[in-house]
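Only one structure is covered here, and it is reproduced in the block below.
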Amino acid sequence: MRVPLRHRLLLFAVLATFTQGALYAVVSAQAQEEGPAAACAKGTDESNAALASAYMNAFAAADERVFDEILSTDYKHHFGIGEDAQTPAGLKQKVAEWYKAFNGGAFDVQQVIVSGDMVVVRWKRTGVQVGDFAGVGPSNVETTYTGINIFRMKCGKVAESWNESDHLGRLQAAGVLTKDKLLKP
């Protein structure tokens, strides 16, 4: 059986694309291993989980000293609401603003998942909003809400993080947002 030329060319193109992608992955991996990041210690699952836990505890207590120890100098944080923090100092400023609005309360880590240099922390927080936050005034009502933080570790430090929190549920539980307000055009 003879395979038409266009099918052979298509097969060749697919194989070439696959091979090129595989070669790129190998070359990229070698470049990363030989670059500056290779000079630093790679974290273990346990040490990466410990860094994520230290971050969550520092956030809950607004402990800047811990952030100074665990954040890389090029650290970035991506908030689910509001502007991102582009530096460790930017994060500390955001944490101070948050802590002023949510004085006290507690984070309860529900689950930690580690995969190489990535760590996911699923948490629950109970507390009271006592000051302005993201354009919303204090509710003075205790609420419980959930969230997820994702961390990327590099050289034994937190290099980047993302946060998604159920602020809609928190505002509904506090009575700030009601069904009538949500459905009102």
Separation between CZ (Phe107) and CG (Asn57), nearest 0.5 Å, reads 10.0 Å
Asp84 side chain to Phe79 main-chain N or O, any donor-acceptor pair under 3.5 Å?
yes
Checking side-chain polar atoms at under 3.5 Å, does His77 have a donor or acceptor matched by the opposite partner on Gln86?
no
So, Gln129 side chain and Val141 main chain: donor-acceptor pair closer than 3.5 Å or not?
no
Compare every heavy atom of Ile81 with every heavy atom of Ala134, then report the nearest pair and how far apart it is.
CB-CD1, 4.2 Å
Heavy-atom pair of closest approach, residues Asp108 and Gln110
OD2-NE2, 2.7 Å
side-chain contact (heavy atoms from CB on, under 4.5 Å) assessment of Met153 paired with Val119
CA-CA 8 Å; Met153 308 306 182; Val119 180; 4.0 Å; yes
In terms of hydrophobic clustering (I, L, V, M, F, W, Y; side-chain heavy atoms under 4.5 Å; direct or indirect links), are Ile113 and Val109 co-clustered?
no
Identify the heavy atoms of Ala52 and Val121 that sit nearest to each other, and give their distance.
CB-CG2, 3.8 Å
May I ask you to check whether Phe67 and Tyr75 place their ring centres under 6.0 Å from each other?
no
Hydrogens and angles aside, do Trp123 and Asn149 bring a side-chain donor and acceptor to less than 3.5 Å of each other?
yes
Does the Ser115 side chain pair with the main chain of Met118, one donor and one acceptor, at a distance under 3.5 Å?
no
What is the distance from atom OG of Ser161 to atom CZ of Arg152, rounded to the nearest 0.5 Å?
10.0 Å
Between Asn163 and Ser165: side-chain donor-acceptor atoms closer than 3.5 Å
yes
Tightest non-hydrogen contact, residues Ala159 and Ser72, listed as CA-OG, 3.3 Å
Nearest 0.5 Å, please: how far is CD in Glu83 from CD in Gln93?
9.5 Å
Contact summary for Ala60 and Tyr99, nearest pair of heavy atoms
O-CE1, 3.1 Å
Does Val95 belong to the same Ile/Leu/Val/Met/Phe/Trp/Tyr cluster as Val66, with side-chain heavy atoms less than 4.5 Å apart forming each link?
yes
Are Trp98 and Phe59 an aromatic pair, judged by ring center distance below 6.0 Å?
yes
Residues Asp132 and Lys100 bridged, charged N to O under 4.0 Å
no
Roughly how far, to the nearest 0.5 Å, is the CG atom of Leu171 from the CZ atom of Phe133?
9.5 Å
Roughly how far apart are Phe151 CZ and Met56 CE, rounded to 0.5 Å?
5.5 Å
Distance in Å, Thr146 OG1 paired with Arg170 CZ, rounded so as to fall on 0.5 Å steps
12.0 Å
Using only atom types and a distance under 3.5 Å, with no angle test, would you say the side chain of Ser53 pairs donor to acceptor with the backbone of Ala49?
yes
Residue list, salt bridge (charged side-chain N to carboxylate O under 4.0 Å, His left out) with Asp74, at least two apart or on another chain:
Lys154
Least distance between heavy atoms, Asp166 atom then Tyr145 atom:
O-CB, 3.8 Å
Full working for side-chain contact (heavy atoms from CB on, under 4.5 Å) between Lys124 and Thr144
CA-CA 7 Å; Lys124 178 172 61 172; Thr144 298; 3.4 Å; yes
Hey, are the side chains of Thr143 and Val128 touching, using non-hydrogen atoms and a 4.5 Å cut-off?
no
Would Val120 and Ile148 satisfy side-chain contact (heavy atoms from CB on, under 4.5 Å), going step by step from the backbone distance to the final call?
CA-CA 7 Å; Val120 177; Ile148 294 175; 3.7 Å; yes
Does any non-hydrogen side-chain atom of Asn140 lie less than 4.5 Å from one of Val130?
yes
Side chains of Asn48 and Glu46 only: does a donor on one sit below 3.5 Å from an acceptor on the other?
no
